[in-house]
Amino acid sequence: MKFFIDTADTDEIRKAAAIGVLDGVTTNPSLVAKSGRPFKDVILEICELVDGPVSAEVTATETEEMLDEAREYASWANNVIIKLPLTPDGLNACNTLTDEGIGTNVTLCFSANQALLAARAGASFISPFVGRLDDIGHDGMDVVDEIVTAYDHYDNIDTEVLVASVRHPRHVTEAALMGADVATVPPSVIEQMFQHPKTDLGLEKFLADWESVPGSE
Ligand code: E4P
C-alpha cells in the first residue's frame with residue numbers, strides 16, 4: 001500500500017519525505033487555509049518536495065469553471081492531479097480531464113455507489129472519507145471494504161482506492177488488510193504509527209547494556 005501525507009504544511013511534508021515513506025500528497029481547501037499561504041505557492045513547493053501525485057482541489061462547483069481551474073493547476077507541475085467533488089458536475093469534469101490525460105482524485109466519497117460512478121468517469125483515485133463516516137456513527141472502513149471488493153470484480157476499473165479522513169493508526173492497518181491502494185495520513189498519525197512501548201524499552205535496554213561492553217564509549 002502506498003502512503004500519501006494529508007497536509008498543506010510543507011515542513012511536515014519535508015520531514016516525512018526525508019524518512020522515505022512518502023508516495024504523494026493530498027491537500028484540500030481547509031488544509032490550505034490552515035497553512036496561511038497562497039494556494040499556488042503551497043502546491044509548487046509541495047511538487048518540488050515530492051515526486052508522486054499532489055492533489056490540488058477545485059473550488060468551483062460547475063463543470064466548465066472546474067475545468068478552467070483544473071487546467072490551470074495541472075499546468076503548474078507534472079505531478080499535480082485534480083481533486084474534484086463527487087457531484088454530477090465533478091464527475092463530468094473528471095470525465096473530460098481523463099480524456100485530456102490529466103490525473104484526478106474524486107473526493108468526498110461516502111458510499112460504494114458513489115465510488116462506482118467515479119470509476120466509470122475514469123477517476124485516477126477515489127477518496128472514501130472514513131473518519132467523517134465514523135463521526136456520524138457509521139463504520140467508515142466498511143465502505144472501503146465494499147469499494148475494494150466491488151472494484152476487484154472488474155478488470156476494466158483502474159481507479160485506485162485512496163483511504164482519506166484517516167484519524168488513527170488502526171484505520172491505516174485496516175486499509176492495508178482490505179487491499180486499499182493508498183492511505184493518505186495526517187502527520188500526527190504518521191508519528192503515532194511509529195510508536196510502540198516495546199520499541200522504546202528495547203532500545204533503552206540495548207543502549208544501557210552497550211555501556212558494559214569493554215571498549216564502548
Ligand atoms: C484528503 O484527501 C481529505 O481531504 C482529508 O483526508 C479529509 O480529512 P478530515 O475528514 O480529517 O478533514
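Note that ligands are numbered from 1 as they come in the structure, with each ligand's atoms numbered from 1 the same way.
Protein heavy atom nearest atom 7 (C) of ligand 1, with residue, atom name and distance: F129 CE2, 3.7 Å. Residue, atom and distance of the protein heavy atom nearest to atom 8 (O) of ligand 1 are S165 CA, 3.4 Å. What sits closest to atom 11 (O) of ligand 1 on the protein, heavy atoms only, is R167 NE, 3.5 Å. The protein heavy atom nearest to atom 4 (O) of ligand 1 is N28 ND2, 2.7 Å.
Note on L91 and V143: same hydrophobic cluster, where clusters join Ile, Leu, Val, Met, Phe, Trp and Tyr whose side-chain heavy atoms are under 4.5 Å apart, directly or indirectly.
The shortest N or O to N or O distance between T184 and ligand 1 is not below 3.5 Å. Checked by distance only, ligand 1 and T27 stay at 3.5 Å or farther apart across all their nitrogen or oxygen atoms. The distance criterion of under 3.5 Å between nitrogen or oxygen atoms is not met by S127 with respect to ligand 1.
With no hydrogens or angles considered, no side-chain donor-acceptor pair links S55 and T26 at under 3.5 Å.
What you find for A123 and T104 is that their closest heavy atoms are CA-OG1, 3.3 Å. Taking each heavy atom of A164 and S127 in turn, the nearest pair found is CB-CB, 4.1 Å. The minimum heavy-atom distance between V130 and M141, with the atom names listed, is CG1-SD, 3.6 Å. Nearest heavy atom pair, residue A93 against residue L67, reads O-CD2, 3.7 Å.
Exactly one of L162, D181, T184 qualifies for a side chain to side chain contact (heavy atoms under 4.5 Å, CB included) with F125. That residue is L162.
For the pair N105 (side chain) and I82 (backbone), a donor-acceptor distance under 3.5 Å is absent.
Using a 4.0 angstrom heavy-atom cutoff, E57 does not count as in contact with ligand 1. At least one heavy atom of D6 lies less than 4.0 angstrom from ligand 1.
Short contacts between ligand 1 and K83, defined as distances under 4.0 Å to a heavy atom of the residue, involve ligand atoms 1 (C), 2 (O), 3 (C), 4 (O). Contact atoms of ligand 1 toward R132: 7 (C), 9 (P), 10 (O), 12 (O) (distance under 4.0 Å to a heavy atom of the residue).
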